[in-house]
Every structure is written in C-alpha cells, then in structure tokens.
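All values derive from a computational prediction rather than experimental measurement.
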Amino acid sequence: MGPWTGAKVTVPTKFIVGELDITLKFPRMKDYVVGGGMKADVPLLEEVVVLEGVAHFLHEESPQQVTNHIHDFFKDK
C-alpha cells in the first residue's frame, strides 16, 4: 500500500455498502464511510448508500436494489 499513500480517487463515485458488512464493523470504519471522512480520499464522492439487511455480497443479496442504484448513478451523468 506504500505507493498509494495519499492517493485520491478522482472520478465521480457512488459507494454502496451493506449495513451488515463486517468491514463496516472495523474500528472507526463506519464513521469514515458514513460520517464524511471518505470524502477526503474520494473528493468526487457523490453519495454513500448503506443497504439495510444486506452484508458483503450486495449484488447477490439485493440485486435489484444494487442495479437501481448503479442505473440511477449513470443516468444522471
């Protein structure tokens, strides 16, 4: 990860995560993702979506919801 230290994601981004995803349980991760910290590393972050009742495999657990979010993101571009 050393070469990527300080790197920014500089494309329009919509971040979708499941509320039951174990990675959201890591210390300080939820605050980073939904509390605004992620915006510092992803300046063009347009939206963070937390899907209720969904864990890590979003596209398998809630395919229509994920499809709708992706479709809406691109149709506005």
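- In terms of the side-chain contact (heavy atoms from CB on, under 4.5 Å) criterion, residue partners of Q64 (sequence neighbours excluded) are, by chain and number, T67, N68.
- Between the side chain of E61 and the backbone N or O of A55, at least one donor-acceptor pair lies under 3.5 Å.
- Partners of K75 under the side-chain contact (heavy atoms from CB on, under 4.5 Å) rule, at least two apart in sequence or in another chain, are H71, D72.
- Between I16 and L58 the shortest side-chain heavy-atom distance falls below 4.5 Å.
- Annotation: side-chain contact (heavy atoms from CB on, under 4.5 Å) contacts of D41 (sequence neighbours excluded): K8, Y32.
- Under the 4.5 Å side-chain contact rule for hydrophobic residues, V66 and F74 share a cluster.
- Among pairs with a residue in residues 49-60, those fulfilling side chain to side chain donor-acceptor pair (under 3.5 Å) read D21-H56, at least two apart in sequence or across chains.
- With sequence neighbours left out, E47 forms a salt bridge (Lys or Arg N to Asp or Glu O under 4.0 Å) with K14.
- Under the 4.5 Å side-chain heavy-atom criterion for Ile, Leu, Val, Met, Phe, Trp and Tyr, M29 and F15 are members of the same hydrophobic cluster.
- Under a hydrophobic clustering in which Ile, Leu, Val, Met, Phe, Trp and Tyr are joined whenever their side-chain heavy atoms come within less than 4.5 Å, directly or via other members, V50 and V54 fall into different clusters.
- Taking the side chain as every heavy atom from C-beta outward, L51 and Q65 approach each other to under 4.5 Å.
- Every residue meeting the side-chain contact (heavy atoms from CB on, under 4.5 Å) condition with V42, not counting sequence neighbours, appears here in chain and number order: V9, T13, M38, L45.
- Cluster annotation: V48 and V11 are assigned to the same hydrophobic cluster (Ile/Leu/Val/Met/Phe/Trp/Tyr, side-chain heavy-atom contacts under 4.5 Å, transitive).
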